[in-house]
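Contents: one structure, followed by commentary.
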Amino acid sequence: MKVDVLVAEIGSTTTVVNAFKDIDSEEPVFWAQGQAPTSVLDGDVRIGLEGAIADLCRKKKIDSLEYDEMLATSSAAGGLKMTVHGLVYDMTARAAKEAALGAGGIIHYVTAGKLRRTDLAKIKAIDPNLILIAGGVDYGERDTAIENAEMIRSLGLKTPVIYAGNCENQEEMKLIFDKDSGQKLYNVENVYPKIDDLNVEPCRKVIQDAFEEHITRAPGMEHVRDMINGPIVPTPGAVMECTKLLYEYLGDLVVLDVGGATTDLHSVAAESDQVARIMTSPEPKAKRTVEGDLGVYINRMKVIESMGEEKFRETCVKAGIDPEQTLESYRAIPKNEDESKLVEILAEEAVMKAVERHAGQIRYIYGPSGRTSVAEGKDLTQVKYIVGTGGALTRLPHKEAIMKKIAFHDETGMRLFPTQHAEVLVDRDYIMASLGVLSKKHKEGAKRLLERSLGISFPKAKAGFGEMDTSLAKTRSGAAVLEELERDQAAQDSKREALIKHIKECEAKGYDMAAYREGLGLPSKEKD
């Protein structure tokens, strides 16, 4: 039997293969799936890949499987361990971190400013797969990034380095990370070229390229190219690619991936006009957060701790299950109704906590002119779709109900959450990661398979990921607080107009109002 494309998802514990037929036709087919234990620790990833293919063959009752292309996503060999080093944490360090997370990196350490001896010791102990150095807007501060680069070289690591800081330092970086350093250098556009300007996409692409080069050299993965003849991308990065593809057709959205160890949240969304006016710092259009303490199996006790022991027990009793007995019997995949109820309780807490950490909020600050509203973090009020993928949100009986509760979780009314108008979709075939890597070469086929898995017909593509989608009308106010912001803004505009009128009246009577003009940012009277 022969298929067009086989996509392997090489995880830390399990390798899954998804087979696709007629991929470039009007009716592409998700044909079959197989899985087997990942064999990286056995010294050869091919063992697990061949085992997963054999499992697929058994399910389809065929003797063998041939394929034209084999692509892959991977979180094996520890995933893509990264350290990130910038100048100011809220500016270049945060921008570099956003670039790394969006590409599928696992951030183990972030520093701001000049590296200290303790920082160098941590970097050496982590032994990252990739080091990202940033710092300084273009044509701004140069010395910190250069000094950090020299300190990193002194560690004697063979880790590749990406430089994504002040463009004036690129030639210096080439001299520091020369052939004698043993460290490959990737020079890329600045992630923070100007104040309040994030430019993370070029860096994300280079991170994924560097990952592919690294993963093929990792222990147990050296022979991966013997079977895989297409791109290999980090599994979280593949989900982000799929999220961006969905954005082209559906507009602003979030994708939730609840797993046994972590909960990932991907969003592609622009802020509302009301929030944009009061944001304290920019947010990337495509954002990913990884909650390493929110998992429904490996980190189940941390999720219970997040809920609170008393609330957890009350919720279990209300659901009709014995918490101790069910926790004792539960092993990774729920095997009965009680265990499914337990996992739903854990998944709901993981979802709510992940959205809390990912979404921004409105804050009030008080000054001489009274109360002012500011917005911090990612605005999700314009989100039109909430998509569930991963083991929990594709298999649990009440997965849609869990995601619908997000809009009602904001008790303060100050969080920039999706609203109740957001529609819930589920990746029923659990293939978003596969389709993310598949979309790199077969975009139309990936799009049609996504429609089928989500149970929706896409409208005509609105805008590419990098374009501003002006057709997406901001018709809803989002959270109730946004309506208050509009009222506050109107009141401030009215107050400003009254002050300007008063200044002109006083000047007509001969008073010097220059200081008041300056306070309002008005030109001097002579320039009127």
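Residues take their numbers from the sequence shown, with the count starting at 1.
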Flag, side chain of Lys441 to backbone of Leu71, donor-acceptor distance under 3.5 Å: no
Strictly below 4.0 Å, N to O, side chains only: are Glu400 and Lys404 in salt-bridge contact? no
When you look at CZ of Arg225, are more than 12 heavy atoms from neighbouring residues, nucleotides or ligands closer to it than 6.0 Å? yes
How would you list all residue pairs meeting side-chain hydrogen bond (donor to acceptor under 3.5 Å, both in side chains) that involve residues 228-243, not counting sequence neighbours? Thr73-Thr235
Which atoms form the tightest heavy-atom contact between Leu87 and Thr92, and what is the distance? N-OG1, 2.9 Å
His108 vs Met82 side-chain heavy atoms within contact, under 4.5 Å: no
Who passes side-chain contact (heavy atoms from CB on, under 4.5 Å) against Ile298, sequence neighbours left out? Ala261
CD1 of Ile10 to CD1 of Ile232, rounded to nearest 0.5 Å, is 6.5 Å
Looking at CG of Leu393 and CD1 of Ile402, how far apart are the two atoms once the value is rounded to the nearest 0.5 Å? 6.5 Å
Not counting sequence neighbours, which residues clear side chain to side chain donor-acceptor pair (under 3.5 Å) with Ser439? List them please. none
If I take atom OG1 from residue Thr381 and atom CD from residue Glu271, how far apart are they, to the nearest 0.5 angstrom? 9.5 Å
Regarding Asp379 and Ser272, do their side chains bring together a donor and an acceptor under 3.5 Å, going by distance alone? yes
Show the nearest heavy-atom pair for residues Ser434 and Val7, with the distance to one decimal. OG-CG1, 3.5 Å
If I take atom CZ from residue Arg153 and atom CE from residue Met173, how far apart are they, to the nearest 0.5 angstrom? 12.5 Å
Side-chain touch Gln420/Ile406, heavy atoms, less than 4.5 angstrom: no
If we ignore angles and hydrogens, is there a donor and acceptor under 3.5 Å between the side chains of Asn169 and Arg142? yes
Rounded at 0.5 Å granularity, tell me how far CD in Glu172 sits from CD1 in Ile176. 6.0 Å
Salt bridge flag under 4.0 Å for residues Glu291 and Lys302: no
Salt bridge Lys114-Glu147, side-chain N to carboxylate O under 4.0 Å: yes
What I want to find out is whether Arg448 reaches Glu451 closely enough, with some N-O distance under 4.0 Å, to be called a salt bridge. no
Residues forming a side-chain contact (heavy atoms from CB on, under 4.5 Å) with Gln361, sequence neighbours excluded: Arg415
Taking C-beta and beyond as the side chain, do Asp252 and Tyr247 meet within less than 4.5 Å on heavy atoms? yes
Mind checking what makes side-chain contact (heavy atoms from CB on, under 4.5 Å) contact with Ala95, not counting sequence neighbours? Val191, Tyr192, Leu198
Pairwise distance OG1(Thr83) to CD1(Ile106) - rounded to 0.5 angstrom: 13.5 Å
Testing Asn129, Asp127, Ile152 one by one against Thr159 for a side-chain contact (heavy atoms from CB on, under 4.5 Å), which residue passes? Asp127
Any side-chain heavy atom of Leu416 within less than 4.5 Å of one from Val275? yes
Going by heavy atoms in the side chains, are Val137 and Asn166 under 4.5 Å from each other? no
Between Asp178 and Lys174, is there a salt bridge with N-O shorter than 4.0 Å? no
Determine, for Glu356 against Lys353, whether the closest basic-nitrogen to carboxylate-oxygen distance falls under 4.0 angstrom. yes
For the residue pair Asn299 / Asp293, report whether a side-chain donor-acceptor contact shorter than 3.5 Å exists. no
List the residues meeting ring-ring contact (aromatic ring centres under 6.0 Å, His included) with Phe20, not counting sequence neighbours, and say none if there are none. Phe30
Using a 4.5 Å cut-off on heavy atoms from C-beta on, say whether the side chain of Leu132 contacts that of Tyr163. no
Any Lys/Arg nitrogen of Lys399 or Asp427 sitting under 4.0 Å from an Asp/Glu carboxylate oxygen of the other? no
Do Val351 and Thr263 come close enough that some side-chain heavy atom pair is under 4.5 Å? no
For the backbone of Arg428 and the side chain of Ser453, can you confirm whether one donor and one acceptor N or O come within less than 3.5 Å of each other? yes
Please report the shortest heavy-atom distance between Leu157 and Lys124, naming the atom on each side. CD2-CG, 4.5 Å
Assess whether a salt bridge exists between Arg288 and Asp264, defined as any Lys/Arg side-chain N lying under 4.0 Å from an Asp/Glu carboxylate O. yes
